[in-house]
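Below is one structure, written out as structure tokens, with a few remarks after it.
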Amino acid sequence: MLDAAENTSLLRRLAGPSTGKAGLAKDQTEINRIIAEASKGSPFYENERKKDEQVTRRIEVLLKKREELAKAADIAKLEANAERLIAELEATRDLSQIICHVDMDAFYSSVEVLDNPELADKAFAVTGGGVLSTASYEARKWGVRSGMATFIAKKLCPDLICVAHHFPRYIEMSKAVMSVMRKYDSNMASWGLDEAYLNLTQYCAAHNLTAEACVAQMREEVHRETKLTCSAGIAPNKMLAKICSDRNKPNGQYYLAPDRDSVMTFTHDLSIRKIPGIGRVTERVIESVGIKTCGDIYTHRAAISMLDKELGLKSLLRAYLGIASNVVEPWARESTKSVGSERTFKTISDTGRLLEKLDEIAETLESDLEHGGWCGRTITLRYKLDTFQSFTRAKTMDRYVKSKQDLFAVSTLPHPRCRYDPFHGIDGDSRWAKSL
DNA sequence: TACATACAC
DNA sequence: TATGGTGTATGTA
């Protein structure tokens, strides 16, 4: 049995990052309990517990600060400050563009079903590196989620079928999907293999189509060409479109009319967790001051105004107002800021063997840099211990580099636990990563 | 610039 | 028995 110290936040944390975004399964509390029970005592669990405690401390500091500031606060003035920002943001509202976010339904799973129809309607998951990349809808009913450790998923769903991933196939199918969608907006922006943003304003005008008819047609065409289904959201900006694409999943679409009232009604009861960029941690922090929905942001505008630095008044007001970017641009090579390679392996405590591992990874990175024609000035070494604690060490060079030899410059940087010899005494390092 | 944290797919 | 890989943004010192 779990003891009382296992609070709700830790249980929710252990359930993984994707549990909050997706619709709640039948009994999430029971699912969370099974997950915690299976993890308990493991180094992973202990690390998560520590991180959860850190967030708890952070929240305590935040609430204490709020208490202090509240004593001398001029509520009217704080609210006026928020109102001024709201008016400023409102002036930037642009409802003129038809933005669409398309999300393939359980993409990797669906491709696996195409290649092996036996899997249809079965509870199965695509795995790689001990965790799930995605789960079929049948498996999701059991609380199985992407990012979950395979052995945990098996506890939740004992008959779960595990299939190893086939990335080249997903890439191939992704290309087929994207090329259909690009016909509707040549500036389409893909996001990963299975998502895309489009601006359909021009296409709709040119073909005299409503936004909804246009998207329905596009989804049909994707299905005809690939036998894969997708869901879509149509809204005046990317943030709203993304949230909308989740509303009628799978194989559905949701249209949010481009007028202020419709948008404000939509955000009013929207959970803050649905806002892209607000994850498990930020949700907890914001919730601690009494904000669960975007509507609550307005109610608590004075408190947020006081804690602007910690909570970000402007970005929360944008969420409340449903205002976000509507610029859709294809990926640009010059936008790349870093290139990296990392690998997880069984615990290595021997310095020599650790350096050999680092050598392998540096080699992979060197070849990636060569292929892409990249080079860089800052080399970052990321490493994780068998306690799941992770660290980074960085070094900026006085010239641009790309060779394995140069990448190794970071290998001599000291580790906090052993100032002088980085590799002696790092007992139980389980993982090395290298990035540039 | 160095490092940690949070987030997304 | 056992919890990934790649990349971006941001706060702090």
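In the text below, chain A, chain B and the rest are named by the order of the sequence lines, each starting its count at 1.
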For this session: Using the C1' atoms only, state how far C/dG4 lies from B/dC7, rounded to an integer number of Å.
Result: 16 Å
Exercise. Roughly, in whole Å, what's the span from CD in A/Q389 to P in C/dT3?
Worked result: 16 Å
Exercise. Given C/dA9, is OP1 or OP2 found less than 4.0 Å from the side-chain N or O atoms of A/K337?
Worked result: yes
Problem set entry | Electrostatic pair A/R13:A/E48 at N-O distance under 4.0 angstrom | yes
For this session: Please lay out, stage by stage, how A/T293 and A/D269 fare under the test side-chain hydrogen bond (donor to acceptor under 3.5 Å, both in side chains).
Result: CA-CA 6 Å; A/T293 67; A/D269 296 318; 5.4 Å; no
Exercise. Taking any strand in view, what nucleotide pairs with C/dG4 in a Watson-Crick or G-U wobble way, both distances under 3.5 Å?
Worked result: none
Exercise. Can you tell which of C/dG4, C/dT8, C/dT6 lies closest to the side chain of A/T336?
Worked result: C/dT8
Exercise. Base, sugar-phosphate, or nothing for A/E48, non-hydrogen atoms under 4.0 angstrom?
Worked result: nothing
Exercise. Does OP1 or OP2 of B/dT1 have a side-chain N or O of A/R377 closer than 4.0 Å?
Worked result: yes
For this session: With DNA chain B as reference, determine whether A/T392 or A/V281 sits nearer its 5' end, using the nearest nucleotide of each.
Result: A/T392
Exercise. Looking at A/K242, does any N or O in its side chain come under 4.0 Å of the phosphate oxygens OP1/OP2 on B/dC9?
Worked result: yes
Exercise. What's the CZ-P distance between A/F391 and B/dC3, to the nearest Å?
Worked result: 12 Å
Exercise. OP1 or OP2 of C/dT3 sitting under 4.0 Å from any side-chain N/O of A/S39?
Worked result: no
Exercise. With A/M181, which of A/M188, A/E221, A/R219 fulfils side chain to side chain contact (heavy atoms under 4.5 Å, CB included)?
Worked result: A/M188
Exercise. Does atom NZ of A/K395 have more than 12 heavy-atom neighbours from other groups under 6.0 Å away?
Worked result: no
Exercise. In whole angstrom, what separates A/D308's CG from C/dG11's P?
Worked result: 10 Å
Seminar exercise, completed: When rounded to whole Å, the CD to C1' distance for the pair A/E310 and C/dT10 reads 14 Å
Exercise. Quick one: is A/S42 getting a side-chain N or O under 4.0 Å of the C/dA2 phosphate, OP1 or OP2?
Worked result: no
For this session: Calculate the interatomic distance between A/E342 atom CD and C/dG5 atom P; express it in whole Å.
Result: 6 Å
Exercise. If you look at every strand shown and take non-hydrogen atoms under 4.0 Å, does A/K51 touch a base, only sugar-phosphate, or nothing?
Worked result: nothing
Problem set entry | d(CG, A/D398; C1', B/dT1) in whole Å | 14 Å
For this session: Using only heavy-atom distances, decide whether a donor-acceptor pair under 3.5 angstrom links the side-chain of A/T150 to the base of C/dT3.
Result: no
Exercise. Rounding to a whole Å, what distance do you find between A/R393:CZ and B/dT1:P?
Worked result: 18 Å
Exercise. For C/dT8, does OP1 or OP2 lie under 4.0 Å from any side-chain N or O of A/S338?
Worked result: yes
Exercise. Just checking A/V131: base, sugar-phosphate only, or nothing, at a heavy-atom cut-off of under 4.0 Å?
Worked result: base
Exercise. Can you check whether A/R58 has a side-chain N or O nearer than 4.0 Å to OP1 or OP2 of B/dA6?
Worked result: yes
Problem set entry | Nucleotide C/dA2, atom C1' - distance to NZ of A/K346 in whole Å | 11 Å
Exercise. Got a salt bridge between A/K65 and A/E68, using NZ or NE/NH1/NH2 to carboxylate O under 4.0 Å?
Worked result: no
Exercise. Hey, is the side chain of A/T396 poking within less than 4.0 Å of OP1 or OP2 on B/dA2, counting only N and O atoms?
Worked result: yes
For this session: Count the heavy atoms belonging to other residues, nucleotides or ligands that lie under 6.0 Å from NZ of A/K292, then report whether that count exceeds 12.
Result: no
Exercise. Within the pair A/K309 and C/dT12, is there a side-chain N or O less than 4.0 Å away from OP1 or OP2?
Worked result: yes
Problem set entry | Flag if over 12 foreign heavy atoms under 6.0 Å of CG, A/D121 | no
For this session: Check whether any side-chain N or O of A/T282 sits under 4.0 Å from OP1 or OP2 of B/dC7, and answer yes or no.
Result: yes
Exercise. Looking for any heavy atom pair under 4.0 Å, which part of the strands does A/S335 touch: base, sugar-phosphate only, or nothing?
Worked result: sugar-phosphate
